[in-house]
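Remarks on the structure that follows.
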Amino acid sequence: MIKLYHNDMSTCAQKVRFVLHEKGLEWDSEELDLRAGDQLKPEFLRINPKGLVPTLIHDANIFAESNIIIEYLNDAFPEPALLPQEALGRARARAWMKRLDDGIHLEVVSLSFGVAFRHQLIAATGSEAALEQHFAKIPDPYIQDVQRQVVSLGVEAPRFERSIRAFEYLLRDLDAALATHQWIVGDKLTLADIAYAPYATRLKHLHLQGLWDGDDKLNFARWFEALQATAGYQAGLTKWFNPKYLPLMDQAGIEAWPRIAGIVAQVR
Ligand SMILES: N[C@@H](CCC(=O)N[C@@H](CS)C(=O)NCC(=O)O)C(=O)O
């Protein structure tokens, strides 16, 4: 039996649901409301002391960390294979996935909260003191630090500028990788494509298509179109898009774009 603790719009949960679909697996859903702080309640912290989704339980074993979870699912349920058979392709896919854990994930937290989710969090907590109490309860010190910086200052936070630069460099590298093959590490969809799907999607939801709309990232644009058309993307991501979040994200992104375009112009 597989049970997934997740959230509809969580980037890390999106990739796990994508893989569950690709593998044709049945799973039980435990959805957490992250703005209401479900992830910080003692009953969930007993399952994942970091207070993060996704968390997966399979045969009474608990797995945290989305990249570990999707590799586990790929090993435990080998068909269809979502990593190349040969060593080089596997290493390349893992290198791309590691880049998410090494920094890009924190940058997407910075981007999402700096542009949009800060408005929800400020409204949900209601006062500076309650907001600070919320931050102090986040067990992961890196996520706590990023949220604290960008929730108060939004797109003007110094931390925010770094996030935009990181995404500009990432999209450049992805575009170069995609120049010679259809998917990130070859001509078959792999865990690398699935792991990056939520990050491209988050940029789109934040109305930041300007990051790749020009002539310089056509390979990335083609890859993202193809990815969105897959059944796994629709089952793992589209089906779960929260209609209450999308207008806020879109509108906040439109308002943030002039500041973001200014940062991008400095590094292009
Ligand atoms: N490195 C972790 C990151 C997990 C993570 O940051 N999850 C977010 C949702 S994408 C979360 O649970 N956030 C809780 C919060 O916002 O307090 C992974 O890849 O699973």
Side-chain angles (χ1 to χ4, degrees), residues 3-20 29-58 62-74 93-94 96-125 130-152 163 166 191-192 194-203 205-206 236-237 240-242 245 248-249:
K3 182 190 268 197
L4 180 66
Y5 291 83
H6 66 130
N7 168 263
D8 48 13
M9 296 293 282
S10 144
T11 49
C12 299
Q14 288 170 330
K15 64 174 107 150
V16 175
R17 294 193 302 256
F18 195 145
V19 170
L20 287 166
S29 165
E30 282 286 344
E31 227 184 316
L32 273 62
D33 182 342
L34 302 182
R35 294 301 159 267
D38 288 353
Q39 73 280 21
L40 304 174
K41 292 186 176 152
E43 56 270 30
F44 183 67
L45 291 174
R46 274 195 289 277
I47 298 165
N48 181 346
K50 277 193 154 188
L52 296 172
V53 294
T55 302
L56 181 127
I57 302 186
H58 178 223
I62 300 175
F63 301 88
E65 289 299 322
S66 57
N67 284 340
I68 305 285
I69 295 173
I70 61 178
E71 278 229 36
Y72 170 76
L73 290 171
N74 193 49
R94 289 189 176 117
W96 278 106
M97 289 159 71
K98 185 170 187 299
R99 186 163 173 179
L100 294 172
D101 290 334
D102 283 350
I104 291 296
H105 183 68
L106 273 184
E107 303 309 341
V108 94
V109 173
S110 159
L111 206 66
S112 306
F113 278 85
V115 171
F117 297 159
R118 62 191 291 261
H119 300 294
Q120 294 171 320
L121 201 54
I122 289 167
T125 47
L131 189 58
E132 182 44 44
Q133 269 175 13
H134 174 85
F135 294 145
K137 271 198 263 165
I138 298 174
D140 185 314
Y142 299 102
I143 294 181
Q144 185 183 127
D145 184 51
V146 170
Q147 284 200 22
R148 198 179 263 117
Q149 287 188 48
V150 298
V151 168
S152 51
S163 310
L191 294 182
I194 295 173
Y196 275 87
Y199 296 88
T201 303
R202 178 57 52 84
L203 296 178
H205 283 164
L206 291 172
L237 285 85
W240 296 87
F241 289 158
N242 185 332
Y245 278 36
L248 164 80
M249 293 168 83

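Since we're looking at a predicted model, the values are computed, not measured. Whatever order the structure lists them in is the order used to number ligands and atoms, beginning at 1.
Proximity of Leu100 to ligand 1, defined as any heavy-atom pair under 4.0 Å, is not found for any part of the residue. At a heavy-atom cutoff of 4.0 Å, ligand 1 is contacted by the side chain of Gln39 but not by its backbone.
The ring of Tyr245 has its center no closer than 6.0 angstrom to the ring center of His205.
Listed by number with element, the atoms of ligand 1 under 4.0 Å from a non-hydrogen atom of His105 are 3 (C), 5 (C), 6 (O), 10 (S). Residue contact check: Pro54 has heavy atoms under 4.0 Å from atoms 20 (O) of ligand 1.
Residue nearest to atom 11 (C) of ligand 1, selected from Leu52, Ile70, Ile143: Leu52 (by heavy-atom distance). Distances from atom 7 (N) of ligand 1 to the heavy atoms of Val53, Asp101, Thr55, Thr11 show the closest one on Val53.
Annotation: ring-ring contact (aromatic ring centres under 6.0 Å, His included) contacts of His134 (sequence neighbours excluded): none.
Scanning all heavy atoms of the two residues, the minimum distance from Lys15 to Ser66 falls at NZ-OG, 2.8 Å.
Asn7 and Asp33 are not linked by any side-chain donor-acceptor pair at a separation below 3.5 angstrom, with hydrogens and angles left out of the test.
Heavy-atom separations between Lys50 and ligand 1 are all 4.0 Å or longer.
When Lys98, His105, Arg99 are each tested for a side-chain hydrogen bond (donor to acceptor under 3.5 Å, both in side chains) with Asp102, only one passes: Lys98.
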